[in-house]
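Residue numbers begin at 1 in each chain, while the letters A, B, ... track the order of the sequences.
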2 protein chains.
Amino acid sequence: MAANSTVESIILGCLTTHPMSGYEIKQLISLSTSLFYNASYGSIYPILKKHEESGLVSVEELIENGRFKKIYHLTEKGYSAFLTWLEETPQPITMRNDMLVRLFFFNNLTREKQSDITRMYLDHLRDFRQRLENIAPAAAAYSDPYKEYTLRWGKDFYVFLIEWYEKLLSDLE
Amino acid sequence: MAANSTVESIILGCLTTHPMSGYEIKQLISLSTSLFYNASYGSIYPILKKHEESGLVSVEELIENGRFKKIYHLTEKGYSAFLTWLEETPQPITMRNDMLVRLFFFNNLTREKQSDITRMYLDHLRDFRQRLENIAPAAAAYSDPYKEYTLRWGKDFYVFLIEWYEKLLSDLE
DNA sequence: TTATTCATGTAATTTGTTACATGATTCT
DNA sequence: AGAATCATGTAACAAATTACATGAATAA
């Protein structure tokens, strides 16, 4: 009866802040947890349906500004399922880091290409970091220190990556 | 004709070091790239078949110590496909970081539970880091600086994580 | 008036893992 | 003798994305 996948729990977690629509959940995930856990509409809507069926959320249908909306509310059962999940042992970190895979095989390239490609990687990373910096103010409005912490983590992670590749580049030269 | 998924290219990349079996490819991936890109037999064997059909690898069948083996060799076509891939723009990093998801919703816990759970996270991270440290010597035998770099990355990443959560814990207390 | 955003949802496809099946060899 | 490792492979299943379909409101 408890939510058993992480996405299922994220959705419940979003609803702990306030009742919202599937669309709003997607937006919230996109500009907050997407860096370390993402979800698409194709996942969100079917899960909401499932949550409704198992009584973890309740649905309020309304028309706002002429737009049909379904606002999902967390039930008590849903909240306790969420709390149970929150204290469980976390899943190990998994990632797909394409740059590192390529670096693993760098010996197949000339020294010059190695440097060029590393510089390209750095450009990408700096670019991405900047984009993170730009969404920061919007997310800071939560006035929830833990949401700020996770946002900070994203920035710190990219600083770590940039410094790491800068070091690599200087080693190559 | 070129390999178009990352796993497809990793397999070609493994074969640039020397010809090997599907079993050996799986082992190599497990103790080298698995941290930032993993693959199971269920992916590897079908891809090898596909690579053979498209002429990127050739197969040598033999019996060694009474064991039937299929040794895969990279063809010239396969090597040039690999090199093309190697210079392409990398895919963005994606990850699943369950701890951060939970941290994002930490406001639903008492301060005491927050600290306890953070300590549990640190235990997990330190444990994992130690395991990385243990496989280091085996992988160092490659005498390929880039393979060592990626191994180092894994260790650096876990140092980053541990320091980050230590800082979090001291903030909580 | 046209593009974008808001809003919901499904079907097809992709991607990949897990579990199973098989069998020989080697280590304890 | 029995457990672990070597070795190949498939089928079932799971998870998730992409693309599509629909349509209203709003911003340019």
To the nearest angstrom, how far is [X] atom [atom1] from [N] atom [atom2]?
X	N	atom1	atom2	result
B:Y41	D:dT10	OH	C1'	15 Å
A:E24	C:dT5	CD	P	17 Å
B:I71	D:dA7	CD1	P	8 Å
B:Q91	C:dT15	CD	C1'	13 Å
B:L62	C:dA24	CG	C1'	15 Å
B:E64	C:dT25	CD	C1'	12 Å
B:Y72	D:dA7	OH	C1'	11 Å
B:N38	D:dA15	CG	P	18 Å

Considering only [options], which nucleotide approaches the side chain of [X] most closely?
X	options	result
A:R67	D:dT10, D:dT26, C:dT8	D:dT26
A:V7	C:dT8, D:dA16, C:dA24	D:dA16
A:S40	C:dA7, D:dT10, D:dT18	D:dT18

Could you tell me whether the phosphate oxygens of [N], OP1 or OP2, come under 4.0 Å of any side-chain nitrogen or oxygen in [X]?
X	N	answer
A:K49	C:dT8	no
B:Y45	D:dT8	yes
B:R96	D:dA16	yes
A:K26	C:dA7	no
B:S43	C:dT17	yes
B:Y23	D:dC6	yes
A:S21	C:dT8	yes
A:Q27	C:dT5	no
A:K70	C:dG9	yes

* Asked: Are any of the side-chain heavy atoms of A:L100 and B:T33 separated by less than 4.5 Å?
  ->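 They are not in side-chain contact.
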* Pairwise side-chain contact, A:K147 with A:L151, heavy-atom cut-off 4.5 Å (strictly under) ->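 No, their side chains stay 4.5 Å or more apart.
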* To do: Give me the ring orientation class for B:Y23 and B:Y41: parallel if the planes are under 30° apart, tilted from 30 to 60°, perpendicular past 60°.
  =>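 Judged by the thresholds at 30° and 60°, the geometry between B:Y23 and B:Y41 is parallel.
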* Asked: Does the ring center of A:F157 lie less than 6.0 Å from the ring center of A:W153?
  ->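 So the answer is yes for these two rings.
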* Asked: Looking at A:Y37 versus B:F104, is the centre-to-centre ring distance below 6.0 Å?
  ->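 Aromatic pair excluded; centres sit 6.0 Å or further apart.
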* To do: Mind checking the CZ-CG spacing from A:F106 to A:L103? Nearest 0.5 Å is all I need.
  =>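 It comes to 5.5 Å.
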* Identify whether any heavy atom of B:G42 sits under 4.0 Å from a base atom; if not, whether one sits that close to sugar-phosphate; answer base, sugar-phosphate or nothing. =>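 Base contact.
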